[in-house]
Colleague: 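Provided herewith is a single structure, encoded as structure tokens, for subsequent inquiry.
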Number of protein chains: 2
Amino acid sequence: MNRNIKITIIEDDETIRNGYAYLIGATEGYEVVSTYCSFDEAIKKIGADHPDVILLDIELPGTNGIDAIPKLKKILPQCFILILTVYESEKLIFNALGNGASGYLTKNTPSAKIIESIKEVKEGGGPMSINIAKLVIRSFQKNQESPLSKRETQILELIGEGKSRSQIAKELFIDLETVRSHIKNIYNKLDVNSRADAIKMAKQNKLI
Amino acid sequence: MNRNIKITIIEDDETIRNGYAYLIGATEGYEVVSTYCSFDEAIKKIGADHPDVILLDIELPGTNGIDAIPKLKKILPQCFILILTVYESEKLIFNALGNGASGYLTKNTPSAKIIESIKEVKEGGGPMSINIAKLVIRSFQKNQESPLSKRETQILELIGEGKSRSQIAKELFIDLETVRSHIKNIYNKLDVNSRADAIKMAKQNKLI
DNA sequence: AAAAAAATCACCCTTTTGGGGTGATTCCTT
DNA sequence: AAGGAATCACCCCAAAAGGGTGATTTTTTT
């Protein structure tokens, strides 16, 4: 017989916390080993709980969920962290994933799906709600009607990699002056006058 | 009654092409309006087909699938493109999504899932095979055992945004010399001696 | 409490880079 | 034939980058 999947819930809203705990605990094969109302509470004892999966809220009193992720990972490196939140902000999601979260579910996710996601993540899959998947895909989509020409886009990409004019010139087999010329045109088109601003503008408008 | 979802398949392998065409065509609500064995063939006539969804192979003779995406999008801006391939390379997937593909399915995807994905993408969802989702999540995960300190990582990130020492100093409310010092330490730890190399190394090792 | 690591600042030095201006040529594509 | 794209040239100067060396103060870890 398989061991139960051990789950810890960190969520400040008591109703939601108890709701999830009941929901998950009532499911065959799942076991809620502990619940906490904040990360700062959790950190004291969670090491002894050794859960397989942590359901982590983002908006917590004290240490927020995003900052909590790496600290939890440090104590429980093998543990999978599932973010459960109402927000769908691009930055938040990417930060959470970047910090070591294994998945991201919004709170409107049906309970069956949450149970399924816990199992998925435990087995090495990457659960993402359809909304998150959409967001991620959109975040990759470049602007199709860029004001920049192909060459200009290419050069802006290299600038984004921190390369100097001369490095770019070498890489593209063109003259240093040509690179300068392209950069001037880029600055004109984007209405900026520095590398940092050009990169910022380009990323905002998904030109690179 | 709802209109059928119109599908075009661009795939060079005849067996696979016909297989998919049969499979999809036999499904209620789905209609294969055309099939092509290459993008260069397709481009001539696909405008008149106005499909809702294009199943696009990556490894095509002539123009490859990745380069084909923006060109297809230009002719059929409303059309969704689903990449169907054997490869799961990170770069390929991100390029495809960046060029305007709406989803990505590997060829071992069960046929039922393909049908479902077509519908999903048509309704604005973002279909991603579980493998792709994993890949995307992994691509966001930063290296947990970075040799760099927090401050160093932070500064390296700003360098990645093309910011100069003085800009970084202002942003972090520290002295220009301190920034220099951090950068020197970063260079030492990463064993590089330029911004571009540091960024490259950092991205390779997912330090930023 | 001691040791190690991280973060802070200082001043030496030289070469490279960056950004602005202005203009010209060639090559494609429309 | 016109316009955009890509190429190259030369003017200018201030700013930035990179290397070296060393020191102080916090913070973290042992």
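Order of the sequence lines fixes the chain letters, A, B, ..., with proteins taken first and strands second; residue numbering starts at 1 for each chain.
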Colleague: Taking N and O atoms by type only, does the side chain of B/Arg165 place a donor or acceptor under 3.5 Å from a partner on the base of D/dA17?
Modeller: yes
Colleague: Counting side-chain heavy atoms from CB outward, which of C/dT22, D/dA17, C/dC9 is closest to B/Asp175?
Modeller: C/dC9
Colleague: For the pair A/Ser181 (side chain) and A/Glu177 (backbone), establish whether a donor and an acceptor sit closer than 3.5 Å, ignoring hydrogens and angles.
Modeller: no
Colleague: A side-chain contact here means heavy atoms from C-beta on lying under 4.5 Å apart; do B/Ile16 and B/Lys107 qualify?
Modeller: yes
Colleague: Would you kindly say whether B/Thr85 and B/Glu59 are connected by a side-chain donor-acceptor distance under 3.5 Å?
Modeller: yes
Colleague: Heavy atoms from C-beta onward define the side chain here; which of D/dG18, C/dT8, C/dG20 lies closest to that of B/Arg195?
Modeller: D/dG18
Colleague: Assuming nearest nucleotide by heavy-atom distance, tell me which of A/Ser166 and B/Leu172 is located more 5' along DNA chain C.
Modeller: B/Leu172
Colleague: Would you say A/Lys189 reaches D/dA5's phosphate, i.e. side-chain N/O to OP1/OP2 under 4.0 Å?
Modeller: yes
Colleague: Return the 5'-most residue of the pair B/Ile174, A/Gln167 with respect to DNA chain C, ranking by each residue's nearest nucleotide.
Modeller: B/Ile174
Colleague: I want to verify a distance call: between D/dA6, C/dG18, C/dA6, whose nearest atom is closest to the A/His182 side chain?
Modeller: D/dA6
Colleague: Within the modelled atom types, does a donor on one side and an acceptor on the other bring the side chain of A/Lys184 and the base of C/dG21 under 3.5 Å apart?
Modeller: yes
Colleague: The side chain of B/Ser149 is closest to which nucleotide in this list: C/dG18, D/dG18, C/dA6?
Modeller: C/dA6
Colleague: Once you apply a heavy-atom cut-off of 4.0 Å, does A/Ser194 come out as touching a base, just sugar-phosphate, or nothing?
Modeller: sugar-phosphate
Colleague: Can you check the B/Arg151 CZ to D/dT28 P distance for me, whole Å?
Modeller: 13 Å
Colleague: When you compare the side chains of B/Asp49 and B/Tyr36, does any donor N or O come within less than 3.5 Å of an acceptor on the partner?
Modeller: yes
Colleague: Whole angstrom is fine here: how far is it from CD in B/Glu177 over to P in D/dT24?
Modeller: 16 Å
Colleague: Taking only the side-chain nitrogens and oxygens of B/Thr178, find out if one of them lies under 4.0 Å from OP1 or OP2 of C/dC9.
Modeller: yes
Colleague: Would you say the side chains of A/Asn64 and A/Asp67 form a donor-acceptor pair under 3.5 Å?
Modeller: yes
Colleague: Measure distances between side-chain N and O atoms of A/Ser164 and base N and O atoms of C/dT17, and say whether any donor-acceptor pair falls under 3.5 Å.
Modeller: no
Colleague: Let me spell it out: for each of A/Asn185 and A/Arg180, pick the nucleotide of DNA chain D with the closest heavy atom. Which residue's pick is nearer the 5' end?
Modeller: A/Asn185
